[in-house]
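Report on one structure; see the data block that follows.
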Amino acid sequence: MKRYRVRFTPDAEEDLLRLYDFLLEKDLAAAGRALEAIRGAVELLRLTPFSCRKAVADNPLLRELVIPFGSAGYVALFEIDGPSSVTILAVRHQREDDFH
C-alpha cells in the first residue's frame, strides 16, 4: 500500500503547541488525549489523503481533515503536494473562527 510522507509547516507546529498549551492549563490528561487523537488522524493522511473533504471547490489538492475529540474536535488544513507528500498547513479547534 502506498504511503504519503506527512510534514507540518512551522505555522501548523505553532498551532499544535497553542492548542496543547490551552488544554494543558485546564486538564493534563485531556491534553495528552488530544495529541493522541491528532496523531492518529495524521496516520490516515499517510494512507488516504484524498478521502478527506475539499477545503475549497477550485483546488482539489487543498483539503481538511476532521479530527474528532470530545464534543467538538479539530480540523487540519493540508495540501497534497505530489504523489507521495502531504503538508499540514494549519490546525485549529472546530470552535475557532477560521484558519489563520
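The analysis underlying the following values was restricted to heavy atoms, covering all of them including side chains, and did not include hydrogens, waters or symmetry mates.
Residue Lys2 qualifies as enclosed at atom NZ: its count of foreign heavy atoms under 6.0 Å is above 12.
Taking a cutoff of 4.0 Å between a charged side-chain nitrogen and a carboxylate oxygen, Glu36 and Arg39 qualify as a salt bridge. Under the 4.0 Å criterion applied to side-chain N and carboxylate O atoms, Asp15 and Arg18 are assigned as salt-bridge partners. A salt bridge between Arg3 and Glu43 is present, with a side-chain N of the basic residue lying under 4.0 Å from a carboxylate O of the acidic one.
Connection of Phe22 to Tyr74 is not established within any shared hydrophobic cluster, with ILVMFWY side chains joined at heavy-atom distances below 4.5 Å, either directly or through further cluster members. There is no path of hydrophobic side-chain contacts, each under 4.5 Å, that joins Val42 to Leu35. Residues Ile88 and Val66 fall into different hydrophobic clusters, defined by Ile, Leu, Val, Met, Phe, Trp and Tyr side chains chained together at heavy-atom separations under 4.5 Å.
Note: Phe78 CZ to Leu65 CG = 6.0 Å, rounded to the nearest 0.5 Å. Residue Thr87 holds its OG1 atom at 3.5 Å from CZ of Arg7, rounded to the nearest 0.5 Å.
Heavy atoms only, all atoms of each residue included: Ala90 and Ala12 are closest at N-CB, 3.9 Å.
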Show your working on side chain to side chain contact (heavy atoms under 4.5 Å, CB included) between Ile38 and Leu16 and close with a plain yes or no.
CA-CA 9 Å; Ile38 292 168; Leu16 288 175; 3.9 Å; yes

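For Arg5 (side chain) and Ser84 (main-chain N/O), no donor-acceptor pair under 3.5 Å exists by modelled atom type. Under a 3.5 Å cut-off, the side chain of Ser85 and the backbone N or O of Gly82 do not form any donor-acceptor pair. A side-chain donor-acceptor contact under 3.5 Å links Arg63 to the backbone of Cys52.
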